[in-house]
Amino acid sequence: MTASWKDLTAPHGGELKELLADDERAQALREEAAGLPSWDLTDRQVCDIELLLNGGFSPLDGFLREADYERVCRDMRLADGTLWPIPINLDVSEAFAGELGSGDRIALRHPEGMVLAVMTVTDCYRPDLRQQAEQVYGAADEAHPEVFRLLHQTHPVFLGGPLEGVEAPPHHTFKQLRHSPRELRDWFAKMGWTNVVAFQTRNPMHRAHVELAKRASQKGEANLLIHPVVGMTKPGDVNYFVRVRCYQEVIKYFPAQTTQLSLLPLAMRMGGPREAVWHAIIRKNHGCSRFIVGRDHAGPGKNSQGEEFYDPYAAQELVESFQEELGITMQPFEEMVYVEDKAQYMPRSEVPDDARVLTMSGTELRRRLREGLDVPDWFSYPEVIARLRQAYPPKKQQGFTVFFTGLSGSGKSTVANVLVAKLMEHGTRPVTLLDGDLVRKHLSSELGFSKEHREINIRRIGFVASEITKNGGVAICAPIAPYRATRREVREMVTQGGGFIEVYVATPLSVCEQRDRKGLYAKARAGQITQFTGIDDPYEEPENAEVVVDTSRYSADELAQQVILHLEKQGYIDLE
């Protein structure tokens, strides 16, 4: 890692570690890649490799080696002492790693098939992911979205080593708003912008954000870069297509000659203070001299005890402690609130004691959007709300998934079939039944019943349900789905496009065994079948299911009606 990266070559940051080869070398790499082991990158890995290749992650020259990884987790530094707070890793399967030795080269491919880079594997190691969660994110608490991903969606082996870039990942949307660090630096130089403050966001911008960004620009006597993340953010966030359209509306409220909008293809980790330091490094690499750090920067929300993961101003404190070493000036800002008496936004600490303050949470905004209620002018702009209403139609116009889960023989399929009939009778949306046995027959016939294969089967059901929901239909799913983590993955997939209602069919095991027409429980008790849910493999009961039913106490008609009433109460259907 080059030490010169630490030294500012003002006005546009330090040395960029750009890894893309020239055209001649890139062609040679493509030819070499045809004979190399090939790894298909995940969406997250594509985000990481783009910023590695274009210099956004300078001074990194590839995915972290083991020594770098361990010190980053422990001390926020690379092995040579350079400040770097977030691990950047290439996680792969045991099977793929087992074919490799030190010094081997591999081709890294985009999901569309093209080779993005060739990597020389110098390190192959098996990390302690729980320890990483504790060191980097403060706790191995699965309420943290990145901790959940680490523990349940990360491959067990990390590969480290330098990259030679073949081509940047392709982008088919908003091309005019995408700029590499080099392109932004050159544009700043062309415009004579020697002092640039960056504003980070993963949410739509409303009036408070605009006021905050304008004040930061004025206070620092700097030009303004609106630099929203459009890679991967927190599950449940507004999708980036809608957000970018909102940014395009909001940018009209800034001075055209002093403000620029550019999209950042970053996969966020929601890492609070550490992430704020990381964001500062990334913005320095993009040519910025200042960086806004606001309240609860990159905060993931509440932990399992209902408390915030990080102190709301801990990010500002950590960035400030490294400010000289970072080579970028932090501009701290506190929460902006609307003061009705003065008809303007102010920092909360400057509000007079007797003033009336108006605020609106993101949850309240989404409720108003879903229910078609007014959003006050003081909160946002009409153009932004119009864009958001497209993403949040009233619930009775949204698609949704009803996801039944329970033991074999609990009555899931029976209730699900009755529910399908009732919804078809209602007739407002197309309804699709994704029963466990039907999916096994048509989508997952090659799978067995190991834990890995059962999880794959549930993810397939979730993907199909998410596509149905996204397009305004109704998906009724009725698998066993014994594992909480997999059900959470399905919920996150589906809620990107509509509603998700989990129905726990809590019929007792003893009743399920009595109903066992196939004799599976008896075979499991006799040891003739292994890894059978409820006998020698656990069923993890839902902790927060929207509806809980028991077919040993009520008929399928009665329980389907209970689900119908819940859907009506939540606004998904109107029985009038």
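Any value given below was found using the heavy atoms of this structure, including those in side chains, with hydrogens, waters and symmetry copies removed.
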Begin with the C-alpha distance, continue with both residues' side-chain angles, and end with the deciding distance and a verdict on salt bridge (charged side-chain N to carboxylate O under 4.0 Å, His left out) for Arg488 and Glu543.
CA-CA 11 Å; Arg488 174 171 167 176; Glu543 296 175 328; over 6 Å; no

Set out, in order, the CA-CA distance, both residues' side-chain angles and the distance that settles side-chain contact (heavy atoms from CB on, under 4.5 Å) for Arg44 and Gln153, then state yes or no.
CA-CA 11 Å; Arg44 176 179 294 270; Gln153 300 172 348; over 6 Å; no

Could you walk me through whether Arg65 and Asp80 pass the salt bridge (charged side-chain N to carboxylate O under 4.0 Å, His left out) test, one step at a time?
CA-CA 12 Å; Arg65 289 74 158 174; Asp80 70 357; over 6 Å; no

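In terms of modelled atom types and a separation under 3.5 Å, the side chain of Ser58 and the main chain of Lys17 share a donor-acceptor contact. Proximity of a side-chain donor or acceptor of Asp537 to a complementary backbone N or O of Gln531 within less than 3.5 Å is not detected. Between the side chain of Lys523 and the main chain of Ile529, no donor-acceptor pair closer than 3.5 Å is present. At least one donor-acceptor pair closer than 3.5 Å links the side chain of Thr154 to the backbone N or O of Arg149. Using a distance-only test at 3.5 Å, with no hydrogens or angles considered, no donor-acceptor pair links the side chain of His155 to the main chain of Leu90. Of the possible polar contacts, none joining the Glu325 side chain to the Phe322 backbone as a donor-acceptor pair under 3.5 Å is found. When atom types are taken as modelled, the side chain of Asp435 and the backbone of Ser413 share no donor-acceptor pair closer than 3.5 angstrom. Using modelled atom types, one side-chain atom of Arg274 and one backbone atom of Cys73 make a donor-acceptor pair closer than 3.5 Å. One N or O on the side chain of Arg185 and one on the backbone of Asn285 form a donor-acceptor pair closer than 3.5 Å.
Here the shortest heavy-atom pairing between Ala314 and Pro273 reads CB-CG, 3.8 Å. When all heavy atoms of Arg77 and Leu83 are compared, the pair lying nearest together is NH1-N, 3.6 Å.
A salt bridge is defined here as a Lys NZ or Arg NE, NH1 or NH2 lying under 4.0 Å from an Asp or Glu carboxylate O, and Lys234 with Glu275 fails to meet this definition. The existence of a salt bridge linking Arg269 and Asp48 is confirmed by a sub-4.0 Å separation between a basic side-chain nitrogen and an acidic carboxylate oxygen.
Between the side chains of Thr533 and Arg454, a donor-acceptor pair is found at a separation under 3.5 Å. Side-chain contact annotation: His172 with Glu112, donor-acceptor N/O pair under 3.5 Å present. Side-chain polar atoms of Gln200 and Arg283 form a donor-acceptor pair below 3.5 angstrom. Looking at Thr233 and Tyr240, their side chains never bring a donor and an acceptor atom within 3.5 Å of each other. Arg525 and Tyr521 share no side-chain donor-acceptor pair at under 3.5 Å. No hydrogens or angles considered: a donor-acceptor pair under 3.5 Å links the side chains of Asp141 and Ser304.
Residues Met270 and Arg202 form a side-chain contact, since some pair of their non-hydrogen atoms from C-beta on lies under 4.5 Å apart. Contact check for Leu60 versus Leu78: side-chain heavy atoms found under the 4.5 Å cut-off. For the pair Leu163/Leu53, a side-chain contact is recorded, criterion being any heavy-atom separation below 4.5 Å from C-beta on. Residues Glu455 and Glu489 have side chains not in contact (no heavy-atom distance under 4.5 Å, counting atoms from C-beta outward). Residues Val490 and Ile461 are not in side-chain contact: their nearest non-hydrogen atoms beyond the backbone lie 4.5 Å or more apart. Using a 4.5 Å cut-off on side-chain heavy atoms (C-beta onward), Pro542 and Val503 make no contact. The shortest distance between side-chain heavy atoms of Lys302 and Glu307 does not fall below 4.5 Å. In this structure, the side chains of Val230 and Arg178 come closer than 4.5 Å at one or more pairs of heavy atoms.
Residues passing the side chain to side chain contact (heavy atoms under 4.5 Å, CB included) test with Ala280, sequence neighbours excluded: Phe291, Leu326, Ile328.
The aromatic rings of Trp84 and Trp278 sit perpendicular, their planes meeting at an angle over 60°, well past the 30° parallel limit. Taking the six-membered ring for Trp and thresholds of 30 and 60 degrees, Phe96 and Trp39 have ring planes inclined between 30 and 60 degrees apart. Using a 30° and 60° split on the angle between ring planes, Tyr125 and Tyr69 fall in the tilted class, from 30° to 60°. The aromatic rings of Phe241 and Phe174 are tilted relative to each other, their planes meeting at an angle between 30° and 60°.
Stacking of Lys451 on the aromatic ring of Tyr483 is recorded, both the 6.0 Å distance cut-off and the 45° axial limit being met.
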Enumerate, atom names and distances included, each donor-acceptor pair closer than 3.5 Å involving a side-chain atom of residues 494-502, sequence neighbours excluded.
{"residue": "Thr495", "atom": "OG1", "partner": "Arg491", "partner atom": "O", "Å": "2.8"}
{"residue": "Thr495", "atom": "OG1", "partner": "Glu492", "partner atom": "O", "Å": "3.4"}
{"residue": "Glu502", "atom": "OE2", "partner": "Arg487", "partner atom": "NE", "Å": "3.2"}

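For the atom pair CG of Leu36 and CG of Leu29, the computed distance is 9.5 Å after rounding to the nearest 0.5 Å. Separating the CG atom in Leu116 from the CD atom in Gln45 is a distance of 11.0 Å, to the nearest 0.5 Å. Residue Arg243 holds its CZ atom at 7.0 Å from CG of Asn203, rounded to the nearest 0.5 Å. Note that CG of Leu266 and NE2 of His279 are 5.0 Å apart. Values are rounded to the nearest 0.5 Å. Rounding to the nearest 0.5 Å places CZ of Arg459 at 8.0 Å from CE of Met493.
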